[in-house]
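Working notes for the structure below.
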Amino acid sequence: MKPEAPVALQQVPAPPDALGRALGDLRISVIDRCNFRCPYCMPEEAYPADHAFLRARDRLDFDEIARIARVFVSLGVKKLRLTGGEPLLRRDLPLLVARLAGIDGVEDIALTTNGALLPKLAQPLRDAGLQRVTVSMDSADPEVFRRMTGGRGELAEVEAAINAAERAGFTPLKINCVVMRGVNDDGVPGLVERFRGTGHVVRFIEYMDVGTVNGWRGDRVVPGAELVQRIDSRWPLEALPRNATSTARRWRFRDGAGEVGFINSVTEPFCGGCTRARLSADGKLYTCLFAHAGHDLRALLRAGESDEALRATIAGIWSHRGDRYSERRAELRAAGVLEHVEMYRIGG
Ligand code: SAM
Ligand code: SF4
Ligand code: SF4
């Protein structure tokens with residue numbers, strides 16, 4: 001394995017972007033494949049079994065990911081999140097976690113997963129230095145759950161994943177649920193009930209127009225405010241102050257049974273506080289979830305660029321960043337700006 005720090009890098013934060021936002025966190029997609037076919041992300045019709053995903057040699061290897069992460073950390077990134085596709089499909093993921101955990105300045109390493117492979121991997125990931133886990137679970141009803149995974153997932157697997165994550169010490173977990181009107185929104189109370197009192201925090205995510213093939217329609221979005229009302233009528237809620245670094249609106253149950261979160265990216269965009277950069281599995285840097293193109297860092301690495309040159313390139317890209325798609329959604333959609341990178345390529 002190559003050493004993590006062949007030459008000491010300058011540790012100077014990237015200049016703020018064109019809208020004054022600092023670079024704070026990096027989401028790393030480690031693979032574009034997935035064992036599920038959630039209709040809002042990778043609908044089966046668009047991604048049949050013979051779909052051409054990235055070949056192994058097209059993906060960044062662990063040396064390359066660790067190198068890029070180290071450069072980002074030298075530019076002020078403190079939080080890393082591993083995602084995909086389904087990140088647990090990437091072979092030897094704990095080895096990558098250990099590499100990332102060894103980078104000076106990394107304060108938080110998290111993972112977003114559908115959980116299917118977590119029972120085997122929770123403990124090795126914990127031992128490697130992973131700090132937090134978010135498990136996606138769109139329903140507590142086995143039938144609806146199966147439908148929300150494109151017929152590929154079983155609720156029992158995610159329940160096993162949650163147990164394994166608890167045993168490995170990842171408590172409290174975050175549980176992500178994408179809500180689609182008329183598809184799984186009836187199941188919101190069921191999910192709330194499942195996790196009230198467990199310490200885990202369910203976060204309801206508004207269905208977004210990511211990518212180009214999920215057939216997004218505005219009328220399928222259930223505003224978070226509507227869900228707050230629905231939940232509050234059964235289990236009274238009280239607003240909590242917003243966490244500086246989180247995109248979720250937080251509410252606590254008045255009876256002390258924990259909290260729920262709402263990621264209202266469509267109805268209450270939070271671009272003004274967006275400090276995230278995203279790296280795809282093939283090494284492209286995206287400055288927004290809705291970008292249509294990324295900056296090819298893999299080409300720079302494989303052409304032998306030095307870390308300092310990479311650092312300057314990334315700082316330059318960040319300083320020109322003016323993305324605020326969610327705030328301009330209506331205007332941009334009306335103007336026909338519909339080309340976005342697919343969610344499974346950059347991982348949310
Ligand atoms: N496969 C992993 C998983 O599902 O947790 C990680 C990658 S997935 C792309 C990351 C998150 O994005 C998941 O919580 C998923 O529910 C969310 N997501 C995917 N498509 C979405 C959409 N159209 N709108 C809102 N959230 C979405
Ligand atoms: Fe796979 Fe996650 Fe996308 Fe579902 S949301 S298809 S689990 S990458
Ligand atoms: Fe950040 Fe783009 Fe989402 Fe706005 S739309 S919050 S800039 S990723």
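Atoms within each ligand, like the ligands themselves, are counted from 1 in listed order. What's counted below: heavy atoms across the whole structure, side chains too, no hydrogens, waters or symmetry copies.
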Where ligand 1 meets V210 - atom numbers and elements under 4.0 angstrom, heavy-atom basis:
22 (C), 23 (N)

Ligand-residue contact atoms, ligand 3 with S326, heavy atoms, under 4.0 Å:
5 (S)

When you check the side-chain N and O atoms of E86 and N35, is any donor under 3.5 Å from an acceptor?
no

Would you mind checking if R146 and E154 are paired as a salt bridge, meaning a charged N to carboxylate O distance below 4.0 Å?
yes

E86 to ligand 1: N or O pair under 3.5 Å?
yes

In the protein, which heavy atom is nearest to atom 8 (S) of ligand 3, and how far is it?
L289 N, 3.3 Å

Cationic N near anionic O, under 4.0 Å, R59 to D282:
no

Looking at ligand 3, does E327 have a heavy atom less than 4.0 Å from it?
no

Taking 4.0 angstrom as the limit and counting only heavy atoms of G85, give me the atoms of ligand 2 inside it, by number and element.
8 (S)

Do me a favour and list the nearest non-hydrogen protein atom to atom 3 (Fe) of ligand 2 with residue, atom name and distance?
C41 SG, 2.4 Å

Answer whether the closest heavy-atom distance between the side chains of V178 and R203 falls below 4.5 Å.
no

cation_pi(R37, Y47) dist<6.0 Å, angle<=45
no

Hey, does G84 come in under 3.5 Å of ligand 1, counting only N/O atoms on both sides?
no

Which label fits F36 and F145: parallel for a plane angle under 30°, tilted from 30 to 60°, or perpendicular past 60°?
perpendicular

Which one holds for R328 and ligand 3: side chain close, backbone close, both close, or neither close, with close meaning a heavy atom under 4.0 Å?
neither

When you check the gap from the basic side-chain N to the acidic O, do E331 and R328 get nearer than 4.0 Å?
yes

N114 neighbourhood, listing ligand 1 atoms whose heavy-atom distance to it stays under 4.0 Å:
2 (C), 3 (C), 5 (O)

Could you go through the salt bridge (charged side-chain N to carboxylate O under 4.0 Å, His left out) check for E259 and R250 one step at a time?
CA-CA 7 Å; E259 63 174 270; R250 301 165 59 220; 3.0 Å; yes

Flag for T267-E206: side-chain donor and acceptor within less than 3.5 Å:
yes

May I ask you to say whether R311 pairs ionically with E305, meaning some side-chain N is under 4.0 Å from a carboxylate O?
no

The protein heavy atom nearest to atom 27 (C) of ligand 1 is M343 CE, 3.4 Å

Give me the residue, atom name and distance of the protein heavy atom closest to atom 21 (C) of ligand 1.
Y40 CD1, 3.4 Å

So which protein heavy atom does atom 10 (C) of ligand 1 come closest to, and at what separation?
G347 O, 3.5 Å

Could an N or O of ligand 1 be found under 3.5 Å from any N or O of G85, whether backbone or side chain?
yes

Do the numbers put R249 on top of the ring of F270, so that NZ or CZ is under 6.0 Å from the six-membered ring centre and no more than 45° off the axis?
no

Which atoms of ligand 1 are found less than 4.0 Å from any heavy atom of N176?
14 (O)

re atom 1 (Fe) of ligand 2, the protein heavy-atom contact at minimum distance is C34 SG, 2.2 Å

Please classify the D209 to ligand 1 contact at 4.0 Å (heavy-atom distances, strictly less than): side chain, backbone, both or neither.
neither

Rounded at 0.5 Å granularity, tell me how far CD1 in I28 sits from CG in L80.
5.0 Å

Identify, for atom 24 (N) of ligand 1, the protein heavy atom at the shortest distance, and state residue, atom and that distance.
M208 N, 2.9 Å

Per-residue contact class, V178 against ligand 1 - non-hydrogen pairs under 4.0 Å:
side chain

When you compare ligand 1 with D138, is there at least one nitrogen or oxygen pair between them that comes in under 3.5 angstrom?
no

Nearest to atom 7 (S) of ligand 3, what protein heavy atom do you find, and at what distance?
D323 O, 3.5 Å

Just which atoms of ligand 2 are under 4.0 Å from any heavy atom in F36?
6 (S), 7 (S)

What protein heavy atom lies closest to atom 4 (Fe) of ligand 2? Include the residue and the distance to one decimal.
C38 SG, 2.3 Å

Taking 4.0 angstrom as the limit and counting only heavy atoms of C41, give me the atoms of ligand 1 inside it, by number and element.
19 (C), 20 (N)

Taking 4.0 angstrom as the limit, do D25 and R81 come out as a salt bridge?
no

Salt bridge between D209 and R329, side-chain N to carboxylate O under 4.0 Å?
yes

Report the C-alpha separation of E226 and R181 in whole Å, then their side-chain angles, then the decisive distance to 0.1 Å, and conclude whether the salt bridge (charged side-chain N to carboxylate O under 4.0 Å, His left out) test is met.
CA-CA 11 Å; E226 181 184 322; R181 194 183 296 283; 2.9 Å; yes

Among all protein heavy atoms in this structure, tell me which lies nearest to atom 14 (O) of ligand 1, with the distance rounded to 0.1 Å.
S136 OG, 2.8 Å

Inspect the contact between D104 and R70 and indicate whether a charged nitrogen and a carboxylate oxygen are less than 4.0 angstrom apart.
no

Answer yes or no for C288: is there an N/O/S atom below the 2.8 Å cut-off from atom 2 (Fe) of ligand 3?
yes

Quick one: does G84 get within less than 4.0 Å of ligand 2, heavy atoms only?
no

Any idea which atoms of ligand 2 are less than 4.0 Å away from a heavy-atom of N114?
7 (S)

